[in-house]
Amino acid sequence: MIYLGCDHGGFALKEAIRAHLEKQGLAYVDCGNTQFDSEDDFTSFVTPVVHGVLNDGDNRGILVCGTGIGVSIAANHHVGIRAALVHSVDYARLAREHNDANVLCLGGRYMDTPVALTAVDIFLDTPMNPDPKYRRRMALASGDK
Ligand code: RB5
């Protein structure tokens, strides 16, 4: 399952991503915001996405705020979340291959929609590189001994 979340800065891009997933028949949960509200706080939408992702190892999250910075900081507070702030299709691929990212964070005010949609596809389709060095590094990055 794919969990989506955004604030006002990411609302337009989140809606484009939602339509993109819908078109492909991919199952998702829209954790909001489901309407544009210039006063909403991105933190309200990070928590339900994080809980959805932590429910099952195969679940994925996509969070969009103005820059992607706020949502990535908030998501990475949670143990088990590996949220990657992604600016390009290459970043999306590497976030999966090297970092096993389970949450994709995007900046709605700074990313072109076609690039963002391709980044979403790559994020959803790319497995982690099986070389154990990447798993080791992510264990160290997560504070595991
Ligand atoms: C909201 O104006 C903006 O600060 C927010 O969307 C995000 O970019 C924060 O990191």
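Counting convention: from 1, in listed order, for ligands and their atoms alike.
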Is any side-chain heavy atom of V29 closer than 4.5 Å to a side-chain heavy atom of M1?
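They are in side-chain contact.
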Residue pair R82 / D100, side-chain heavy-atom distance below 4.5 Å:
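Yes, side chains in contact.
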Working to the nearest 0.5 Å, report the span between [atom1] of [X] and [atom2] of [Y].
X   : Y    : atom1 : atom2 : result
Y91 : C105 : OH    : SG    : 14.0 Å
R93 : D121 : CZ    : CG    : 15.0 Å
L85 : L104 : CG    : CG    : 9.0 Å

Suppose we measure from [atom] to each protein heavy atom; which comes out shortest, and what is that distance?
atom                   : value
atom 3 (C) of ligand 1 : R109 NH1, 3.8 Å
atom 7 (C) of ligand 1 : C65 SG, 3.3 Å
atom 1 (C) of ligand 1 : H8 NE2, 3.3 Å
atom 8 (O) of ligand 1 : T67 N, 2.9 Å

Side-chain donor-acceptor pairs of residues 30-37 under 3.5 Å, sequence neighbours excluded:
{"residue": "D30", "atom": "OD1", "partner": "K14", "partner atom": "NZ", "Å": "3.2"}
{"residue": "D30", "atom": "OD1", "partner": "G32", "partner atom": "N", "Å": "2.9"}
{"residue": "D30", "atom": "OD2", "partner": "K14", "partner atom": "NZ", "Å": "2.8"}
{"residue": "N33", "atom": "OD1", "partner": "Q35", "partner atom": "N", "Å": "3.3"}
{"residue": "N33", "atom": "ND2", "partner": "Q35", "partner atom": "O", "Å": "3.3"}
{"residue": "N33", "atom": "ND2", "partner": "D40", "partner atom": "OD2", "Å": "2.8"}
{"residue": "D37", "atom": "OD1", "partner": "E39", "partner atom": "N", "Å": "2.9"}

Could I get the full list of ring-ring contact (aromatic ring centres under 6.0 Å, His included) partners for H98, not counting sequence neighbours?
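Listed in chain order: Y134.
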Which of the atoms in ligand 1, numbered in the order shown and given with their element, are less than 4.0 Å from a heavy-atom of G66?
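In order of number, 5 (C), 6 (O), 7 (C), 8 (O).
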Only heavy atoms of F42, strictly under 4.0 Å: list the atoms of ligand 1 that pass.
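The atoms of ligand 1 under 4.0 Å from a heavy atom of F42 are 9 (C).
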Please work out whether any backbone atom (N, CA, C, O) or any side-chain heavy atom from C-beta onward of D7 is under 4.0 Å from ligand 1, and answer side chain, backbone, both or neither.
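For D7, only side-chain atoms sit under 4.0 Å from ligand 1.
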Geometric N/O contact G70 with ligand 1, under 3.5 angstrom
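Yes, since at least one N or O of G70 sits under 3.5 Å from an N or O of ligand 1.
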Protein heavy atoms: any of them under 4.0 Å from atom 10 (O) of ligand 1?
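Yes, because at least one protein heavy atom sits under 4.0 Å from atom 10 (O) of ligand 1.
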